[in-house]
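These values consider heavy atoms only, across backbone and side chains, with no hydrogens, waters or symmetry-generated copies.
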Amino acid sequence: MFRRREPVPFAFLAEADRFRSNVTPPPPERASFGQLAGRWLLGLTIVAALVGSLVIGMPALSLDHSSSQTQQSQASDGR
């Protein structure tokens, strides 16, 4: 069974953009020294992990042409 839909005036939505509150929000709390130190330590740990993974992963990503040449020379020797 279908419900009858009543027309709803949406004027209150248009007025919401123009509405200004006279109540100001409280200022944000300043971070304590421990919180700032924790944020710096977390950021430094993340950067160190990324740099470390890059340093450890670089040898695996580099092409080593000397090992491929020794394999070719062993195959050409008939071994």
* **All side chain to side chain contact (heavy atoms under 4.5 Å, CB included) counterparts of Val51, not counting sequence neighbours** => Val47, Val55

* Quick one: hydrophobic cluster around Ile56, which other residues, with the 4.5 Å side-chain cut-off, linked directly or via members? -> none

* Structure fact -> Tracing side-chain contacts under 4.5 Å among Ile, Leu, Val, Met, Phe, Trp and Tyr outward from Phe33 reaches none

* Structure fact -> Residue set satisfying side chain to side chain contact (heavy atoms under 4.5 Å, CB included) with Ile46, at least two apart, ordered chain then number -> Leu42, Leu50

* **Partners meeting side chain to side chain contact (heavy atoms under 4.5 Å, CB included) with Ala31 (sequence neighbours left out)** => Gln35, Leu36, Arg39

